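Here the structure is a predicted model, which is why all the values come from computation and not from measurement.
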Amino acid sequence: VLEMTGGGSFQAGSLSILSDESESAPPNDAFENRLLLTGKDAQISGSNADASSELGEPLHGNLLPPQRSVWWKWLAPSDGTLALETLQASFRAGLSVYAGWKLDDLIEVAKSESPGAGLSLAVKGGVEYSIALSGDSGGQGSFQLRLAFDGDFTNPPPTNDSFSEAKLLFGEDLQVQ
């Protein structure tokens, strides 16, 4: 039995739970309270100070626990490329993008490879994506999040990145470029 009152953290092995009953937590601290992002280009200023982790929440963007995550949702207007990056973060921030509508059923579709790195992914029109930003090892503070649709500022995915766009390979001596 684990009981924790007030704010605090608990970590045992790979389990890490942050609890903060402070009323100063960001409004998008919980997955169910994701803020809606609209448009093809956006830059958001925010903070994950006093944010927490939820039971069943996945680890985001190759970060170490504990997590202090904040959430958004974005609906892809059409097929294309979504690029995300953090700017001017006062902590080592990581990003993850998910498909799914429930926290315990999320499917990770992209993540930053290291704290502070951006990401780019192919998206399908009409699909709602959930975006999580968290601090490495419980890092917290202010940040700016930049979203660009079809304005890739990292690397675009290859033309055959989607299963439906797979290229047929045949022959005995193949070379892929």
Side-chain angles (χ1 to χ4, degrees), residues 1-37 42-74 81-123 128-148 152-155 157 161:
V1 173
L2 170 65
E3 185 174 332
M4 186 168 31
T5 59
S9 66
F10 170 79
Q11 186 170 351
S14 63
L15 172 67
S16 179
I17 300 171
L18 285 175
S19 172
D20 192 341
E21 295 177 4
S22 166
E23 292 188 25
S24 63
N28 56 335
D29 179 25
F31 175 80
E32 70 181 34
N33 296 331
R34 294 166 291 160
L35 296 178
L36 177 64
L37 297 175
Q43 189 160 319
I44 303 102
S45 295
S47 173
N48 72 334
D50 295 326
S52 63
S53 294
E54 297 175 78
L55 190 60
E57 182 171 341
L59 291 175
H60 309 297
N62 287 325
L63 301 178
L64 297 173
Q67 300 185 110
R68 293 189 178 273
S69 57
V70 287
W71 293 87
W72 297 268
K73 57 186 173 182
W74 177 77
T81 301
L82 172 65
L84 297 166
E85 69 177 343
T86 53
L87 307 168
Q88 301 175 354
S90 62
F91 58 97
R92 292 169 37 96
L95 295 165
S96 288
V97 179
Y98 301 93
W101 296 277
K102 291 174 54 182
L103 185 65
D104 56 355
D105 290 333
L106 293 177
I107 299 168
E108 185 177 69
V109 294
K111 65 181 173 183
S112 53
E113 291 304 315
S114 61
L119 62 85
S120 179
L121 70 145
V123 294
E128 182 179 275
Y129 294 91
S130 295
I131 301 164
L133 181 147
S134 187
D136 191 33
S137 301
Q140 60 182 324
S142 61
F143 61 85
Q144 290 183 357
L145 174 66
R146 180 174 172 213
L147 172 147
D152 189 6
F153 38 76
T154 56
N155 295 312
D161 189 46

Nearest 0.5 Å, what's the [atom1]-[atom2] distance between [X] and [Y]?
| X | Y | atom1 | atom2 | answer |
| --- | --- | --- | --- | --- |
| Q140 | S90 | CD | OG | 9.0 Å |
| W72 | N33 | CH2 | CG | 13.0 Å |
| L36 | E128 | CG | CD | 7.5 Å |
| K111 | S134 | NZ | OG | 13.0 Å |

Does the [X] side chain pair with the main chain of [Y], one donor and one acceptor, at a distance under 3.5 Å?
| X | Y | answer |
| --- | --- | --- |
| D136 | L64 | yes |
| E54 | F31 | yes |
| N48 | R68 | yes |
| S142 | S47 | no |
| Q67 | P58 | yes |

With side chains defined as the heavy atoms from C-beta onward, is the minimum distance between [X] and [Y] less than 4.5 Å?
| X | Y | value |
| --- | --- | --- |
| E57 | S69 | yes |
| L59 | P65 | yes |
| L103 | D105 | no |

Taking side-chain contact (heavy atoms from CB on, under 4.5 Å) as the definition, give me every residue that meets it alongside [X], ordered by chain and number, with sequence neighbours left out.
| X | answer |
| --- | --- |
| I107 | none |
| A132 | H60, W71, Y98 |
| P26 | N28, D29, A51, V70 |
| A42 | I44, L147 |

With side chain to side chain contact (heavy atoms under 4.5 Å, CB included) as the criterion, how do L87 and F143 come out once you've worked through the C-alpha distance, each side chain's angles and the decisive distance to 0.1 Å? CA-CA 6 Å; L87 307 168; F143 61 85; over 6 Å; no

Minimum heavy-atom separation for [X] and [Y], please, with both atom names.
| X | Y | answer |
| --- | --- | --- |
| T81 | V123 | N-CG2, 4.5 Å |
| A110 | L119 | CB-CD1, 4.1 Å |
| S24 | D50 | OG-OD2, 2.5 Å |

Report the residues that fulfil side-chain hydrogen bond (donor to acceptor under 3.5 Å, both in side chains) with [X], sequence neighbours left out, ordered by chain and then residue number.
| X | result |
| --- | --- |
| S130 | R34 |
| E113 | none |
| S96 | E108 |
| Q43 | Q144 |

Please report the C-alpha distance between D104 and L55 in whole Å, then the side-chain angles of each, then the deciding distance to 0.1 Å, and finally whether the side chain to side chain contact (heavy atoms under 4.5 Å, CB included) criterion is met. CA-CA 9 Å; D104 56 355; L55 190 60; over 6 Å; no

